[in-house]
2 protein chains.
Amino acid sequence: MISETTNPPWTDEELSPIRDKVYFYIKDAILRGEFKAGDRLIERSLAQTLNISRTPVREALFRLESQRFVSTVPRKGVVVNEISRDEILEVFLILSSLESLAVRLAAQKIDAQTIAEFDREIETLERIQQNPEELGEQELHLEVNLRYNDLIGRASKNFRLHEMLVDLKDYVRAFSNMSKHTPGRALEALNEHLDILVAVRNGQADLAESYARVHIEKAKRAYVQSSVSEPEPGLENASGD
Amino acid sequence: MISETTNPPWTDEELSPIRDKVYFYIKDAILRGEFKAGDRLIERSLAQTLNISRTPVREALFRLESQRFVSTVPRKGVVVNEISRDEILEVFLILSSLESLAVRLAAQKIDAQTIAEFDREIETLERIQQNPEELGEQELHLEVNLRYNDLIGRASKNFRLHEMLVDLKDYVRAFSNMSKHTPGRALEALNEHLDILVAVRNGQADLAESYARVHIEKAKRAYVQSSVSEPEPGLENASGD
DNA sequence: TCGTTTTTTATGGTATACCATACTGAGCTA
DNA sequence: TAGCTCAGTATGGTATACCATAAAAAACGA
């Protein structure tokens, strides 16, 4: 009954703990580039902005820290991580290895029910493929990746692996605004995703794994290409917009 | 000057935040089996035990949660995770993939300085190999794994990968008291580690990767064997001992 | 004016207080 | 006696207060 708070960004008043909402709020802000590498995240400011206390903010920040989105300098504060190009490349290596494993497992373990889901989703993605203009580049990327990861994760029956992949991809996405720089990459990625999904759906483990490796490799190249025009993530040295 | 606290388990009074000390304290307790799967971790109790407030305890628990050691049930509390055999097997799959990648990278990227370190450490490990009785089974495992992981991590020049591997191995160790159940495994593992290290030291990437896969496979088998005698981790149904 | 010292302020670290909820158990009623 | 209700308690969630430190600013002296 009592409620004197001016509504924060999130909508539902009843469910999950505030710390989770703050977590998603901040993470989303980082992913969308609103908080840039090197930015300081000041507990009191965030708390005041969101009309809450520091406690849930701190808890959200800790969670972000263990996912490497931010760093806590003891007695100093929290800053959005500065990620070097080398570090992103390291992650791409890990991604390649784990994605290969995931699609291989998916192809090996896929069952009838999941095949049905694949068929539905593949059809949906093919429709998107035909009419890619309906979605913006960003939404296209997000939507496709979401569906793809979900499917592979479900089929591979390895929840931990799925989580790790999602985390790593979020991480890469946050610190390399790829699709912003290489237009057309989203659509290309969609094609690659479809290749992988079809191979998985047909139980072709080796083929799926090959496609996956190629896919990650191309994503990496797109990142490398985009990163040459912008010397260091977070620095605004680059000429032109 | 003021100091009315009865000393907590840790020794240094000055350095890192309390939350870190609590984190290592609880994690260590889980790794050593003091806190078993299913145990509830009650903030106030822990805080009282350690003569601190709930705040740093909560922060430590959140960190443990993001590493999957504990789960927070909303409005319910924190419990040490119950890990199923299947889940451990899932992690072994991931481990195999990442460990292969790590040793392959290590073999490819190793430099002169690191080779020198390898030579020193290999010699040390061979001495241990000759006189394994000097260390207990547990210490042997810990010591060897520590040195091994550190070397591979340094040589592979992929810090993120190194961290992930350490985390995953800790996780497996925490929820499968392997070495407790299969005596001799520690020494066997030492031999396998030495094989890998020598191959890496000599730049033999393929060989090192093969050894690594075999090593993880054997570790997995040791786990599976030990887990048949103890039906579910955390349940004390098993007869004997 | 410049450098050094002191004071202020910003901010994270920790402790504590209060609130909400879910569980527990006692007591009441049928 | 069985089942329900309600009060009490345990416990996590959040807010707030206080402390320590480091950075910034101001004041002071050479």
Side-chain angles (χ1 to χ4, degrees), chain A residues 1-26 35 38-66 69-81, chain B residues 1-26 30 35 38-66 68-81:
Chain A
M1 279 318 155
I2 36 93
S3 162
E4 63 205 54
T5 67
T6 61
N7 276 1
W10 46 81
T11 49
D12 74 278
E13 285 278 0
E14 322 294 335
L15 300 174
S16 63
I18 297 180
R19 60 165 176 274
D20 291 346
K21 301 168 183 169
V22 178
Y23 166 77
F24 288 115
Y25 168 77
I26 300 178
F35 291 149
D39 286 0
R40 273 184 84 180
L41 298 183
I42 293 164
E43 299 172 1
R44 281 179 171 82
S45 310
L46 286 168
Q48 196 173 352
T49 302
L50 301 174
N51 269 307
I52 57 177
S53 81
R54 286 171 56 206
T55 309
V57 174
R58 283 174 63 80
E59 295 171 349
L61 289 176
F62 286 130
R63 198 159 146 200
L64 287 166
E65 184 188 19
S66 53
F69 285 106
V70 303
S71 288
T72 301
V73 190
R75 298 250 152 227
K76 190 74 200 306
V78 175
V79 296
V80 179
N81 264 344
Chain B
M1 278 318 151
I2 37 93
S3 164
E4 64 206 53
T5 67
T6 60
N7 275 3
W10 46 81
T11 50
D12 75 277
E13 285 278 359
E14 322 294 335
L15 301 174
S16 62
I18 297 182
R19 60 164 175 276
D20 290 346
K21 301 168 183 168
V22 179
Y23 166 76
F24 288 115
Y25 169 77
I26 300 178
I30 296 177
F35 292 151
D39 285 1
R40 270 183 86 180
L41 298 183
I42 293 164
E43 298 173 1
R44 281 178 171 82
S45 309
L46 286 168
Q48 195 173 355
T49 302
L50 301 174
N51 269 308
I52 56 176
S53 80
R54 286 172 57 205
T55 310
V57 174
R58 284 174 63 80
E59 295 172 350
L61 289 176
F62 285 132
R63 198 157 146 201
L64 287 166
E65 184 188 20
S66 54
R68 330 278 161 191
F69 285 106
V70 303
S71 288
T72 301
V73 190
R75 299 249 153 228
K76 190 73 201 308
V78 175
V79 296
V80 179
N81 263 344

Identify whether any heavy atom of A:L41 sits under 4.0 Å from a base atom; if not, whether one sits that close to sugar-phosphate; answer base, sugar-phosphate or nothing. sugar-phosphate
d(NZ, B:K21; C1', C:dG13) in whole Å: 12 Å
Pick the closest DNA chain C nucleotide for B:R44 and for B:R19 by heavy atoms, then say which residue is nearer the 5' end. B:R19
For B:L61 and D:dG13, what is the distance between atoms CG and P respectively, to the nearest whole Å? 10 Å
D:dA15, C:dG12, C:dT14: which one has an atom nearest the side-chain heavy atoms of A:P56? D:dA15
Is there a donor-acceptor contact under 3.5 Å from the side chain of A:D39 to the main chain of A:V80? no
No-H, no-angle donor-acceptor pair, A:R54 side chain to C:dG13 base, under 3.5 Å: yes
For B:E59, give me all partners under salt bridge (charged side-chain N to carboxylate O under 4.0 Å, His left out), at least two apart in sequence or on another chain. A:R58, B:R19
Closest to the B:T72 side chain: C:dA15, D:dG13, D:dT14? D:dG13
Select from B:I42 and A:T55 the residue whose nearest nucleotide in DNA chain D is closer to the 5' end of that strand. B:I42
Please find the pair of heavy atoms, one from B:V22 and one from B:V57, that lie closest to each other, and give the distance. CG1-CA, 4.1 Å
In chain order, what residues pass the salt bridge (charged side-chain N to carboxylate O under 4.0 Å, His left out) check against A:D20, with sequence neighbours excluded? A:R63
Where the side chain of A:E43 is defined as all heavy atoms beyond and including C-beta, which of C:dG13, D:dT16, D:dG12 is the nearest nucleotide? C:dG13
Where the side chain of B:I52 is defined as all heavy atoms beyond and including C-beta, which of C:dG13, C:dA15, D:dA15 is the nearest nucleotide? C:dA15
Return the nearest nucleotide to the side chain of A:E59; candidates are D:dG12, C:dT14, D:dT14. D:dT14
Send over the distance from A:I18 CD1 to C:dC18 P, rounded to a whole Å. 19 Å
Value in whole Å for how far the P atom of D:dT14 lies from CD of A:Q48: 19 Å
